[in-house]
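Proteins get letters first, then strands, A, B, ... in listed order; numbering begins at 1 in each. Quantities reported herein were computed from a predicted structural model and do not represent experimental measurements. Because only heavy atoms are used, hydrogens play no part in the values below, and waters and symmetry mates are left out as well, while side chains stay in.
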Amino acid sequence: MTEPVLNPWEQFRQQVVRALHEISGKDLGGFLGRPAKPEHGDLGCTAAFSLAKEQRGNPAEIAKELAKIDTSRFSLIQKVVAQGPYVNFYISIKPYRQLVIDTLQRLGEQYGRSETFQGIRAVVEYPAVNPNNPWHIGHARNAVLGDTMARVLGMVGYDVTRMDYINDLGLQIAVVYWGLKHLAKEPLKGKYDQALGRIYVEAHQKHDKAQVERYLQLMEKGTNEVAKEVRAMSERCLRAHHKTAARLDVQHDLLVWESDIAHSGLFAEALDKILESPNIKRLTEGEKAGCLIVDLSAYEEFRQLKDTEKILIRSNGVATYTGKDVAFHFWKFGIIKDPFLYRQFRRKRGENQTLWTTTQKGKPGRFTPANVIFNVIGMPQSFPQRTVYLVLETLGYTDASEGYYHLAYEFVTLPGKRFSGRRGTWIGFSTDAVVREATRRARREVKARNPNESPKFYRQVAESIGAAAVRYSLLKVAVEKQITFRWNEMLNFDGNAAPYLMYTHARASSILRKQSAPKTANLDVLSTSHEIEIVKLIGRFPDIILGIVEGMQREKWGTRIELFKLAEYAYKLSVAFNSFYNHCPVLKAESKDLIAARLLLVDACSQVLRNALTLLGIHPLERI
RNA sequence: GGGCCCGUGGCCAAGUUGGUUACGGCAUCGGCCCUCUAAGCCGAGGAUCCAGGGUUCGAAUCCCUGCGGGCCCGCCA
């Protein structure tokens, strides 16, 4: 019995690898790449260059030898051609087309999935915005990356928990609470996080240090009126954050609060574990007398520092940020048992869509430890992030250290300045403001194009398009590129942008509305380059998704993810469809056979586009 | 002092384990709506790949030296 096919392109690639192995006796898979030009075939092999070097031969001669593959034994290889030193493989379109369509029809909305990482538990954490101001557009980049990452991981088999960590015990929270008490005029106007953010800017300048310090102590202590009010304030802010998240269809499963960590006993338990390690030291003399430290001088990049000793617990017994983070990750990985109580924060539409939160009064047991964790955190935090997982390693938790991924991305900035909560540079560039403006512009367009629709239609469609435009703008750029925020680019609706993708899907839907697609058809009549291009792109979809996850490279200062490849794919498929749309009539094709086959192709393309858009967090609409 | 990321047509930007003619978008110019949604399609122009050296049959990609932009290196949070 053969496994049911999930990934058509991989079937072809494997046949090429087998064919090359048979003719050369070597695994030449590493030399395969996709040629830049279609006339060079579907897969090219550059092995002849290095074989020539080894054998002191001529690359072109060697390529010619490699190309003497008997293709009749490989169903998906149509021909092999040596073009100079390159060995180019051409796909056998007839069986491949059938394989692609069969696979897609069998899997439907599941098409694209793979089982490679089945059964592995993953936690993705994002965006961890402090609950004292709203998300600015840079926070949206974090959130959208995390949310999309979670969707992609789910597609390749991971069991994913989408987590948000909320630091409701920091100085900035005490400051905004001070502002609320001393500056704010009740009732606050507008969205709560926006109002808090403005108060914070003012409070940052005006606050009384001693009073703020007093609040901070009470917050950390827990059982008192101030702590209760601060938690209520933070939760209210979080609800406002999650309204923003909902606009962008950014989802979470679990909120973890710093104040719950502080009062859960998690740290005491982690400390016991930390003390078991032979590599933890309590210093008795010098500047750091009384501190618990880990010496990181074994790592080359730390030796350059003035100080290779990383403090986990201060001389006053309080944990440092690194110390807290190490303890928190003990929990994520199940090194210590789960000390939290949980309750529902919000019930969502679907059954399994409940958003849970840690709490002081609730029930235990809502969390299963992870095998791998992905923290979506800015590139500038590379150093502290690396410190955390190197400390884990030094303490003896190598599995946890290796399963710790810092998904690093560069910030969104304004021309010439950074976003700052304190200075209030985010005002006017909150995620809400940007999405609102995108929606406003979308609504104008939608109304012009659909003059006789209801206000409800305009609103719903415009909201989807506006949010999608913002999401896509943030996703289509490689994570290591800084984004300078410009309205015209963020809200571009033409070309490589979300509205184009949605428009493409709506066009396909429009055809299928007029005549539904048959389940089977004679696919041999699909012979134009436009039709074949679509089939080939559809066949690559599962491989694109898997490639994003497998291509993740954990480097010293962060792991890069190539989520933009998903955006790029959706765009390419759309380009191919629109080209087809303009060159190949469907409903008015010249024969019944051709109409049926093209309808089936439109249906197939639309399904894959829908799958891709859903992964991108874009709602595929039938009409826009 | 040490370290990280980025530099590709006017603007944005893919390609950076070396490999077939540097992928696209915006903007500009020309063409296409009696035919399935023109947020579209077809075509044109536009690139010393930051600079200079080096390695190689072959460099946007690797190495060296600079330049420009952004950032990191606390018992802080």
Side-chain angles (χ1 to χ4, degrees), chain A residues 30-31 33 35-37 39-41 44 46 48-50 52-53 59 83-86 88 130 167 169-172 287-288 290-293 301-307 310-316 318-323 378-384 387 408 410-411 413 418 442 445-446 448-450 465 476-484 486 488-489 492-504 506-515 553 555-558 560 564-565 568 571-572 574-575 577-589 598-599 602 623-624:
Chain A
F31 294 101
K37 303 280 164 187
E39 56 266 33
H40 294 127
T46 57
F49 288 106
S50 51
K53 200 166 267 178
Q83 281 154 319
Y86 301 92
N88 293 328
N130 286 330
N167 187 355
L169 282 189
L171 182 66
Q172 66 281 14
E287 274 189 330
K288 285 175 285 194
C291 294
L292 273 179
I293 63 101
E301 66 276 12
F302 283 83
R303 256 175 264 145
Q304 303 300 325
L305 301 178
K306 299 165 210 155
D307 193 350
K310 186 69 218 170
I311 296 168
L312 300 189
I313 314 284
R314 302 184 185 105
S315 51
N316 64 5
V318 178
T320 60
Y321 233 62
T322 306
M379 200 97 78
Q381 307 258 33
S382 292
F383 197 85
T387 304
E410 275 291 357
F411 287 151
T413 65
R418 296 183 59 168
E445 282 284 307
V446 175
R449 285 151 199 278
N450 305 276
I465 293 174
K476 75 170 177 182
V477 181
V479 290
E480 65 269 21
K481 290 263 193 186
Q482 220 171 58
I483 295 177
T484 305
R486 293 189 183 89
N488 291 347
E489 282 162 35
N492 174 34
F493 286 3
D494 299 316
N496 189 0
Y500 175 81
L501 311 181
M502 298 174 82
Y503 178 71
T504 307
R507 270 183 152 180
S509 302
S510 168
I511 295 175
L512 296 168
R513 216 170 19 247
K514 296 200 163 86
Q515 189 173 342
Q553 292 284 330
E555 285 161 21
K556 221 173 214 177
W557 302 110
R560 269 183 212 204
F564 73 86
K565 287 193 171 164
E568 186 183 49
Y571 176 65
K572 278 187 182 160
S574 297
V575 168
F577 181 82
N578 283 312
S579 191
F580 161 79
Y581 183 92
N582 275 272
H583 290 96
C584 308
V586 178
L587 301 177
K588 293 190 176 150
R598 283 184 176 165
L599 272 170
V602 170
R623 296 192 299 134
I624 72 169

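The separation between Ile293(A) atom CD1 and G74(B) atom C1' is 15 Å, rounded to whole Å. Residue Gln381(A) contributes atom CD, which lies 11 Å from atom C1' of A77(B) at whole-angstrom precision. We find that CZ of Arg303(A) is positioned 17 Å from C1' of G1(B), with the value rounded to whole Å. Rounded to whole Å, atom P of C72(B) lies 15 Å from atom CG of Leu305(A). When the P atom of C72(B) is taken as reference, atom CZ of Phe302(A) falls 16 Å away, rounded to whole Å. Rounded to an integer number of Å, the gap from NZ of Lys572(A) to P of G25(B) is 12 Å. Remark: P of C72(B) and CG of Asp307(A) are 19 Å apart, rounded to the nearest angstrom.
For the C1' atoms, the distance from A13(B) to A27(B) is 14 Å, rounded to whole Å. Comparing G46(B) with C26(B), their C1' atoms sit 14 Å apart, to the nearest whole Å. Comparing the same atom, C1', in U56(B) and in U61(B) gives a spacing of 13 Å after rounding to whole Å. Comparing G9(B) with C49(B), their P atoms sit 9 Å apart, to the nearest whole Å. Taking the C1' atom of each, U8(B) and A22(B) are spaced 9 Å apart, rounded to whole Å. Rounded to a whole angstrom, the distance from the C1' atom of U28(B) to that of G19(B) is 35 Å.
Among the protein residues, Leu171(A) comes within range of the sugar-phosphate backbone only, with heavy atoms under 4.0 Å from sugar or phosphate atoms but none that close to a base. Tyr321(A) comes within contact range of at least one nucleobase, with a heavy-atom separation under 4.0 Å. Within the nucleic acid shown, Ile465(A) comes within 4.0 Å of at least one base atom, counting heavy atoms only. If you check every strand for non-hydrogen atoms under 4.0 Å, Pro380(A) touches sugar and phosphate atoms only. Gln172(A) comes within 4.0 angstrom of the backbone, heavy atoms only, and of no base. Looking at heavy-atom distances under 4.0 Å, Arg418(A) makes contact with sugar-phosphate atoms alone, never a base. Using a 4.0 Å heavy-atom criterion, one finds that Val479(A) contacts no nucleic acid atom at all. Looking at heavy-atom distances under 4.0 Å, Phe411(A) makes no contact with the nucleic acid at all. Ala36(A) comes within contact range of no nucleotide atom at all, as no heavy-atom separation falls under 4.0 Å. Among the atoms of the strands shown, none is found under 4.0 Å from any heavy atom of Asn488(A). Among the protein residues, Lys588(A) comes within range of the sugar-phosphate backbone only, with heavy atoms under 4.0 Å from sugar or phosphate atoms but none that close to a base. Heavy atoms of Gly84(A) sit nowhere under 4.0 angstrom from any nucleic acid atom. Within the nucleic acid shown, Gly44(A) comes within 4.0 Å of at least one base atom, counting heavy atoms only. Residue contacts shown for Glu568(A) are limited to sugar-phosphate atoms, with no base heavy atom under 4.0 Å away.
Of the candidates A39(B), A38(B), G25(B), the closest approach to any side-chain atom of Ile624(A) belongs to A39(B). When distances run from any side-chain atom of Ser579(A) to the nucleotides C75(B), C42(B), G24(B), the shortest one goes to C42(B). With G24(B), A38(B), U20(B) as the choices, the nucleotide that has an atom nearest any side-chain atom of Pro35(A) turns out to be U20(B).
Note on Thr504(A): every side-chain N or O is 4.0 Å or more away from OP1 and OP2 of G40(B). The shortest distance between the side-chain N/O atoms of Arg449(A) and the OP1/OP2 oxygens of A38(B) is not below 4.0 Å. Contact between the side-chain N/O atoms of Tyr86(A) and the OP1/OP2 oxygens of U20(B) is not found at any separation under 4.0 Å.
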Nucleotide by nucleotide, nucleotides 5-13 of chain B touches protein heavy atoms under 4.0 Å in the pattern (B base, S sugar-phosphate only, - none) SSS---SS-

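With centroids closer than 5.5 Å and planes inclined by less than 30 degrees as the test, Phe564(A) and the base of A14(B) fail to qualify as a stacked pair.
A side-chain donor-acceptor contact under 3.5 Å links Thr320(A) to the backbone of Leu312(A). Of the possible donor and acceptor atoms, none in the side chain of Asn492(A) sits under 3.5 Å from a partner among the backbone N and O of Asn488(A). Judged purely by atom type and a 3.5 angstrom limit, Ser579(A) has no side-chain atom pairing as donor or acceptor with the backbone of Val575(A).
For Leu587(A), the side-chain contact (heavy atoms from CB on, under 4.5 Å) partners two or more places apart in sequence, or in a different chain, are Ile511(A), Lys514(A), Gln515(A), Leu599(A). Every residue two or more places apart in sequence or in another chain was checked for a side chain to side chain donor-acceptor pair (under 3.5 Å) with Gln482(A), and none qualifies. Contacts of Tyr321(A) classified as side-chain contact (heavy atoms from CB on, under 4.5 Å), with partners at least two apart in sequence or in another chain: Asn167(A). Under the side-chain contact (heavy atoms from CB on, under 4.5 Å) criterion, Phe580(A) pairs with His530(A), Glu531(A), Ile534(A), Phe577(A), Cys584(A), Val586(A), Arg598(A), Leu601(A), Val602(A), not counting sequence neighbours.
With a glycosidic angle no more than 90° from 0, C33(B) adopts the syn conformation.
Within 6.0 Å of NZ in Lys572(A) there are 12 or fewer heavy atoms belonging to other residues, nucleotides or ligands. Dense packing is recorded around CD of Glu39(A), with more than 12 heavy atoms of other residues, nucleotides or ligands lying under 6.0 Å away.
Residue Tyr503(A) holds its OH atom at 11.5 Å from CD1 of Ile465(A), rounded to the nearest 0.5 Å.
Using cut-offs of 30° and 60° on the angle between ring planes, the pair Phe49(A) and Tyr86(A) is perpendicular.
Remark: Arg418(A) is not positioned above the aromatic ring of Phe411(A), lacking an NZ or CZ atom under 6.0 angstrom from the ring centre and at most 45 degrees off the axis.
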For RNA chain B, the dot-bracket notation using Watson-Crick and G-U wobble pairs below 3.5 Å, [ ] for pseudoknot-type crossings and | for other-strand pairs, is ((((((((.[[[..)...(....]]].(((((.......))))).....[[[[[..)....]]]]])))))))....

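The minimum heavy-atom distance between Gly41(A) and Pro35(A), with the atom names listed, is O-CG, 3.7 Å.
No hydrogens or angles were tested; on distance alone, a donor-acceptor pair under 3.5 Å links the side chain of Ser315(A) to the base of C75(B).
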